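The block underneath contains the structure these notes are about, expressed in structure tokens.
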Amino acid sequence: MPGGAVARVLVDSPLPQLDQLFDYAVPERLRERVRPGVRVRVPLRTGGRIADGWLVELADTSEYGGTLSELEDVVSEVPMLVPEVWALARAVADRAAGNASDILRLAIPSRYVRVERSWLASPGEPGPPPEAPPPVHGAPAGRVEAGVDGGERMTLTADPRPLRLPTGEWVGAWAVALAQAAAHALHRDRSALLVVPDYRDQEQLEAALRALVDSRRVLRTDARQTGGDRYRAFLDATRDDARIIVGNRSTVYAPAARLGLIAIWDDGDPLLSEPLAPGVHPRDAALVRQEQSGAALLFMAHTRSVEVERLVGIGWVQAIEPAAQVRPKVVLTEQQASPEPGSARIPSSAWRQAQEAVREGPVLVQVARPGNAPLLTCDRCRETAHCAACGGTLVVPRAGGDPRCVLCGTSASGWRCPVCDGTRLRAATVGASRTAEELGRAFPRSLVILSDGERPVLRVGAEPALVVATRGAEPIADGGYRAVLLLDGERMLLRESLRVAEDCLRWWSNASALAAPGAPVFLVGVGGALATALSTWRQPEWAATELAARRALRFPPAVRVASVTAGHAAVTRAVDAVRGIDGVDVLGPAPTGEEDEGLQRAIVRFDYGAGARVARELRAEMIRVATERRRPVAGRPVRRPPVLRVRFDDPDVP
DNA sequence: AGCACGCCGACT
DNA sequence: GTCGGCGTGCTC
């Protein structure tokens, strides 16, 4: 056969048994258009349907015994799947017993023909090479730069202050530091990937980058762009120019010329958790990519995640000491009645200082998330409405319709207020807006600004204002807040989750980092080790303690976990296949919470060293179940037996 | 998933 | 002797 006559193709399919390369003959008519990395269409199952796929490589001969089918078509001649990303997708999928094509769906945006055509005519210009940037802020001089040059794995606790950019904009100092690290890589003609949890972080980072490098060198990949813009940025990223690519969790898979740095801001933020199969966290993908590429890796945050602490503990990641011991002035206060009306949640000392501070500039009040369902109150007296049958909270179902009880489901039609005898209900969002109302009454002359998940405010000015925000939605204030009140700590800690403490410390720390230097930060009603960790600004030590506790319980991230869900027989067989491996233990199987016809779930816990084998064995079981499944009855309803579902490193387990 | 192949019962 | 049922297995 002539050279390059065989195309090795990854078919786009969620089926585990198709997650391998298939060989196709390249017909003469396509010989000029095939290149590794292009999107192709291939026949699957002789004369059957046509499937999409990625041409991974060209070869001269095939190992396959049978006769090869011919490649059907080349969809686009742009090689979108670069070899480095293919190797990454394969490794990351194998590690999580998932399909490489699922990873590629995250990694590669969908195609826009018009955009592609205009891009082929005039691709994005990278602009002039950048000058040397100033030293990375918050680290010992030259330390991060040396790490970037040497391909090191690093973590750095960020300077917890807002900084003013030359453009006049205020951003967190972390954004300046990350931008400088990326600019340094660019200065060395290396690309940098900057991964952030949400667009608010992204805005700050982009602002910081604008002050340092030519904007043509910066590409964005995030969900707020139009599909066409995202595709164009992606196409530019496949070019041979060093760039800085900044965006959400899928940015970790972006193509990048001569990758020099992968950086993740606030890796503990749950927004970075990947909901799409196989659910690989960008932190793990970054670790794999770092090893494959030799690029540097930088985890930066105000709060060290327990996962990064583990990596520091085993010496895989170097903890860089911050250049200066800067920390917010955190004051721990007990909850106590305040003499002021409508301010029962605020202790009097904090109250007085907040009142003084709000004359000077913005004051931040952080409250717990209200939850998506609006709470109901009596329309007449504003008393919170409760279920007449069981006393549970009443909510409007998300799908709409009559209000009902969250606990017993009783409809609240015919509700009557026990206080004032009113009969009408009114929606009120609990938390932010209620607090805003109360504070508005208590600070009658102040401007009250509300920022929550639904109506987030990105930034506020330096003028006096009371800014009430749910955790995670705090605006950045020009010059920093004159005081910060962390009001709902106790309530935030009530959430049922293995990670509440970690999450709370992160929310409090991130809000504290918005305070002006020297401004007081009041943590209300919380004591103990967690409060001490915040007030002493020693989050890494707290993470170490937490990791030790999880190690004692054999909880992640001290070990890895995989959940295995299917019918009893299939689960039992699957876990039996891994039970004997060294460093593996199995919890369950037990019925899943819902009464899904006999679904069972088992949790496999395993040491990191056993991960590859566990994934391989469970993957083999998935393929076995998928290929041997039969239609149960010759009846019309073609009901397939429950598939074997395997999920690695699920953040909700245990 | 889909679809072809193949090994047994009722048919021309 | 052959048509077609659906159980079985594979996809280059």
Side-chain angles (χ1 to χ4, degrees), chain A residues 1-31 33-76 79 81 83 86-87 89-90 93-94 97-106 110 276-278 565-567 569-570 573-574 577 596-597 599 616 618-647:
Chain A
M1 271 201 218
V6 174
R8 314 205 70 207
V9 174
L10 181 86
V11 177
D12 228 348
S13 162
L15 298 177
Q17 61 271 42
L18 299 189
D19 185 27
Q20 47 169 313
L21 297 183
F22 289 95
D23 291 357
Y24 288 87
V26 180
E28 196 53 49
R29 67 189 163 87
L30 297 178
R31 203 55 63 82
R33 302 179 61 205
V34 290
R35 300 162 67 181
V38 297
R39 194 101 173 112
V40 291
R41 294 175 58 73
V42 293
L44 203 53
R45 189 73 200 173
T46 43
R49 62 201 193 286
I50 305 288
D52 283 332
W54 294 105
L55 198 165
V56 169
E57 56 193 30
L58 287 168
D60 298 339
T61 58
S62 170
E63 305 272 284
Y64 182 62
T67 46
L68 302 185
S69 294
E70 285 193 346
L71 217 57
E72 174 77 19
D73 203 3
V74 173
V75 176
S76 158
L81 177 57
W86 163 247
R90 185 68 273 165
D94 288 345
N99 272 12
S101 67
D102 284 339
I103 299 289
L104 293 180
R105 203 163 308 138
L106 297 175
S110 47
L276 298 173
T565 313
R573 225 193 123 134
D596 301 289
E597 64 256 34
L599 270 192
R616 197 162 55 237
L618 290 179
R619 185 67 172 169
E621 280 300 308
M622 288 170 76
I623 292 172
R624 201 185 58 74
V625 168
T627 51
E628 87 167 5
R629 100 174 127 219
R630 298 276 92 49
R631 295 151 209 237
V633 196
R636 280 122 277 168
V638 187
R639 290 205 15 216
R640 41 185 231 253
V643 200
L644 182 67
R645 251 182 46 83
V646 175
R647 171 98 148 86

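A note on names: the letters A, B, ... follow the listed sequences, proteins ahead of strands, and every chain is numbered from 1. In this text the structure is predicted, and so the values were computed from the model without any measurement.
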Given atom CZ of A:Arg624 and atom P of C:dG9, what is their separation to the nearest angstrom?
-> 13 Å
Identified side chain to side chain contact (heavy atoms under 4.5 Å, CB included) counterpart of A:Pro278 within the set A:Val646, A:Leu106, A:Asp102 = A:Asp102
Take the protein atom CG of A:Leu44 and the nucleotide atom C1' of C:dC10, then report the distance between them rounded to whole Å.
-> 9 Å
Length of the CD1-P vector between A:Ile623 and C:dC10, whole Å | 13 Å
Sugar-phosphate, base or nothing in reach of A:Tyr24, heavy atoms under 4.0 Å | sugar-phosphate
Atom pair distance, as rounded to whole Å: CG in A:Leu15 and P in C:dC12 = 13 Å
Please state how far atom CD in A:Glu72 lies from atom C1' in C:dT11, giving the value in whole angstrom units.
-> 16 Å
Gap between atoms CG and P, on A:Leu18 and C:dT11 respectively (whole Å) | 10 Å
Closest approach of A:Asp19 and A:Ala100, non-hydrogen atoms and distance?
-> OD1-N, 3.3 Å
What do you reckon, do A:Tyr64 and the base of C:dC12 stack, with centroid distance below 5.5 Å and planes below 30°?
-> yes
Evaluate whether atom CZ of A:Arg105 has more than 12 neighbouring non-hydrogen atoms of other residues, nucleotides or ligands under 6.0 angstrom away.
-> yes
When rounded to the nearest 0.5 angstrom, what distance separates CZ in A:Arg8 from CD in A:Gln20?
-> 9.5 Å
Round to a whole Å and report the spacing from CZ of A:Arg49 to P of C:dC10.
-> 16 Å
Using atom CG of A:Leu68 as one end and atom P of C:dT11 as the other, report the distance to the nearest whole Å.
-> 12 Å
